[in-house]
Each structure stands twice: as structure tokens, then as C-alpha cells.
Protein chains: 2
Amino acid sequence: MKDNLLFTSLVSELKRGNLTLCVLSQLKTPQYGYSLLQTLSEQHIEIEANTLYPMLRRLESQGLLDSSWDTTESRPRKFYSLSTQGQTLFIDLLKAWKEQNKQTALLLGEESHA
Amino acid sequence: MKDNLLFTSLVSELKRGNLTLCVLSQLKTPQYGYSLLQTLSEQHIEIEANTLYPMLRRLESQGLLDSSWDTTESRPRKFYSLSTQGQTLFIDLLKAWKEQNKQTALLLGEESHA
DNA sequence: TACAATACTGTATGTCACACAGTATAATTA
DNA sequence: TAATTATACTGTGTGACATACAGTATTGTA
């Protein structure tokens, strides 16, 4: 719809924090990168491999995710899941997301019928 | 509530794109930095001066805002308002925001009663 | 047997929120 | 009337992140 570069980058900024929340929400049960990519895509959450893989490594290094390699299948897969800290943080982050959305919607709502 | 640094930075990421949208929404009528700071604060949108001022300059340099100095009052004030391009972009960005929120809410909603 | 799909790693770039530092005037208060 | 606070900005640096680009290697399929 919009081939405007500026628009694209603003939408990207819009997605930024949301993507982390979405990924965390999916990792109550272990998943590996590629499966997450597909799950999220099916749920209409667009995230690129180039974004997801670094993000998973980052979240692990921050202590929010645990990981382990599964080598029993045909192909080695790195499974990630929420650590204890990750679970707690996800709950708080979800709360923050809801609160922020509520306030933003109020602001934009008032504007929209002005 | 949370003095956790990691949590703080994740919330900050969450706000990132939203703040731009909020600021754009307020500039259908001209406002200056300091007044915006107060308006947004009253509407429970937390944004720091250190964030807002560079953002206004950025949005102007990107062509989304026009600006003009008002020197008739006691204190010089730089007024910003949406440019034509800014108006169009705001409408598209608002659409993108709504769509993204809908999809995210669906994903998180399904998770929350799992 | 070539090609697409799967499943990653590693590095570089540009943008942004925010910190920190600074300038300067008006209004308030002690 | 002197000190302080609120107003109203500019400028620069840092760290985090999304994404681009490049690469590795295996499996399934046409």
C-alpha cells in the first residue's frame, strides 16, 4: 500500500517493542527459531528471520530465555523457552503493554472525533 | 513498581513508535515543545523533554512537520504543526497502529487463557 | 542432480530514546 | 531585591535494536 520509506521505518518503530512481547508470549512452551517464525506468521505477526534470530540470542543473554539444542531429530534445532525471570517479566510487560495501549487509544480516540 | 533495568528498557522499546504517533496526533493544531510536554503528560503519555525535542526536530527534517518561531509573546516559542505530508502519513500510521494492536491482542489473548 | 526449504551464525548500519550538558529568560518567593 | 524555580529551548553522545547482507550446512523434492 505504502512504498514510502519513511512510512515503512515508522511502522517498524511501531512494531519494535511489540515483537519482543509477542515472542515472549509464545515461549511458555519451548520452540525453535524457525517454528516461531512460522507460528507468528500464521498469527499475522510479521517478523523477519534477521530480526528474530538476533532477538532470541539477545533475550537469552539477558536471562529471559533458556535454550537447549535438540540433536535427536534429523536436523539440529535450538529450542528456546521462558526462564523463571522471563515468565515474571512477561507478566509485567504485558501489563505495561495494556496500560500503554489504553492511554494511547484514549488520546487518539479524542483526536479522531475532533 | 519495577526497578529492574531490563524491564525499564523493554517498556521504553514498547513506547518507541507509539510516542511518534501520539505527538503527530496532537499537531493538527500548532503547538510548541513545552506545551506538548504538558498536554501529553496530562493525558498520561509519559515523554521526556530529552526525547521530545530531538523528535520534533527529526520529524521536521523528515518533512512531516512545519515550524515557525513566535516571538510576539514574552518568550520565544517554536511552534510545530503537521505538514500536508505529515497529515497523510499520520492517517496511514494510525491505520497501521490499529491493525498491529488488533493482531497483537489476538495473539496475547489466545495465550492468556491457555 | 539441481533447487528450494529448513535452520541457523556473524557482522555492519542507521535510527531512536534518553542521558548529560549547556543557554537564557520570566515568574515567584524568601 | 536576590535567589530560586519554571519555562523553553539547543547540542552531542551512548547503547539498544530492527534490519540488511553474507555465509554455513543439511534435508527433501522435482
Side-chain angles (χ1 to χ4, degrees), chain A residues 5-24 30-41 45-65 67-80 93 96 100, chain B residues 4-24 30-41 45-62 64-65 67-80 93 96 100:
Chain A
L5 276 175
L6 182 51
F7 177 74
T8 307
S9 89
L10 285 169
V11 170
S12 165
E13 289 295 321
L14 213 53
K15 291 199 297 187
R16 244 177 127 96
N18 264 43
L19 288 180
T20 307
L21 188 67
C22 288
V23 167
L24 290 177
Q31 285 208 61
Y32 58 100
Y34 205 84
S35 68
L36 255 175
L37 231 34
Q38 292 173 318
T39 309
L40 291 174
S41 165
I45 307 291
E46 290 166 45
I47 185 168
E48 299 193 20
N50 287 328
T51 301
L52 181 66
Y53 286 119
M55 187 170 135
L56 290 172
R57 291 177 236 155
R58 192 166 58 240
L59 292 174
E60 187 187 10
S61 80
Q62 290 170 336
L64 301 181
L65 300 181
S67 79
S68 62
W69 281 96
D70 182 341
T71 49
T72 61
E73 296 296 321
S74 61
R75 209 180 283 256
R77 286 164 175 168
K78 195 170 185 180
F79 278 81
Y80 293 92
L93 200 58
Q100 183 193 274
Chain B
N4 190 321
L5 275 175
L6 182 51
F7 177 75
T8 307
S9 89
L10 286 168
V11 170
S12 166
E13 289 295 320
L14 214 52
K15 291 199 296 186
R16 241 178 127 96
N18 262 44
L19 289 180
T20 307
L21 188 67
C22 289
V23 167
L24 290 177
Q31 285 209 61
Y32 57 100
Y34 206 84
S35 69
L36 256 175
L37 231 36
Q38 291 173 317
T39 309
L40 291 173
S41 165
I45 307 292
E46 291 165 44
I47 184 168
E48 299 194 20
N50 287 328
T51 300
L52 182 65
Y53 285 118
M55 187 170 135
L56 290 172
R57 291 178 235 156
R58 193 166 58 240
L59 293 174
E60 188 187 10
S61 80
Q62 290 169 337
L64 302 181
L65 300 181
S67 79
S68 62
W69 282 96
D70 182 342
T71 47
T72 60
E73 295 296 319
S74 61
R75 210 181 282 256
R77 288 162 174 168
K78 196 172 186 180
F79 277 81
Y80 293 91
L93 200 59
Q100 182 193 273

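When reading the values below, keep in mind they use all heavy atoms of this one structure, side chains included, and skip hydrogens, waters and symmetry mates.
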Between [atom2] on [N] and [atom1] on [X], what's the gap in Å once rounded to a whole number?
X     : N      : atom1 : atom2 : result
A/R16 : C/dG14 : CZ    : P     : 15 Å
B/L19 : C/dT15 : CG    : P     : 19 Å
A/F7  : C/dT15 : CZ    : P     : 18 Å
A/L14 : D/dC17 : CG    : P     : 17 Å

At their closest point, which heavy atom of [X] faces which heavy atom of [Y], and how far apart are they?
X     : Y     : result
B/A49 : B/P54 : O-CD, 3.9 Å
B/G33 : B/Y53 : CA-CE2, 3.8 Å
A/F7  : B/A96 : CZ-CB, 4.4 Å

Hey, could you give me the [atom1]/[atom2] distance between [X] and [Y], rounded to the nearest 0.5 Å?
X     : Y      : atom1 : atom2 : answer
A/L93 : A/Q100 : CG    : CD    : 9.5 Å
A/S61 : A/L59  : OG    : CG    : 8.0 Å
B/L14 : B/S12  : CG    : OG    : 9.0 Å
B/L52 : B/I45  : CG    : CD1   : 12.5 Å

Indicate, with a heavy-atom threshold strictly under 4.0 Å, whether A/R77 touches base, sugar-phosphate, or nothing. sugar-phosphate
DNA chain C in dot-bracket form (Watson-Crick or G-U pairs under 3.5 Å, [ ] crossing, | inter-strand) is ||||||||||||||||||||||||||||||
Within residues 32-40 of chain A, those residues having any heavy atom closer than 4.0 Å to DNA chain D are none
Could you list by number each residue of residues 47-64 of chain A showing a heavy-atom separation from DNA chain D of less than 4.0 Å, or answer none if no residue does? A/E48, A/N50, A/T51, A/P54, A/R58, A/Q62
Close side-chain approach of [X] and [Y], heavy atoms under 4.5 Å:
X     : Y     : answer
B/L36 : B/L56 : yes
A/L64 : B/L6  : yes
B/Y80 : B/Q31 : no

Look at the side chain of B/T39 and the backbone N and O of B/S35, then say whether any donor-acceptor pair between them is shorter than 3.5 Å. yes
B/S12 vs C/dC18: side-chain N/O to OP1/OP2 distance below 4.0 Å: yes
When you measure from the side-chain N and O atoms of A/K15 to the phosphate of D/dC17, is any distance below 4.0 Å, counting only OP1 and OP2? no
Pick out the pairs of N or O atoms, protein on one side and nucleotides 25-27 of chain D on the other, that lie under 3.5 Å.
| residue | atom | partner | partner atom | Å |
| --- | --- | --- | --- | --- |
| D/dT26 | O2 | A/R75 | NH1 | 2.7 |
| D/dT27 | OP1 | A/S74 | O | 3.2 |
| D/dT27 | O4' | A/R75 | NH2 | 2.7 |

Under 3.5 Å donor-acceptor pairs involving side-chain atoms of residues 15-22 of chain A, not counting sequence neighbours:
| residue | atom | partner | partner atom | Å |
| --- | --- | --- | --- | --- |
| A/K15 | NZ | A/E46 | O | 3.3 |
| A/R16 | NE | B/E13 | OE1 | 2.7 |
| A/N18 | OD1 | A/W97 | NE1 | 3.3 |
| A/N18 | ND2 | B/T104 | OG1 | 3.1 |

Using the ring-ring contact (aromatic ring centres under 6.0 Å, His included) criterion, which residues pair with B/F79? Sequence neighbours excluded. B/Y32
For A/L10 and A/W69, find the nucleotide of DNA chain C closest to each by heavy atoms; which residue's nucleotide sits nearer the 5' end? A/W69
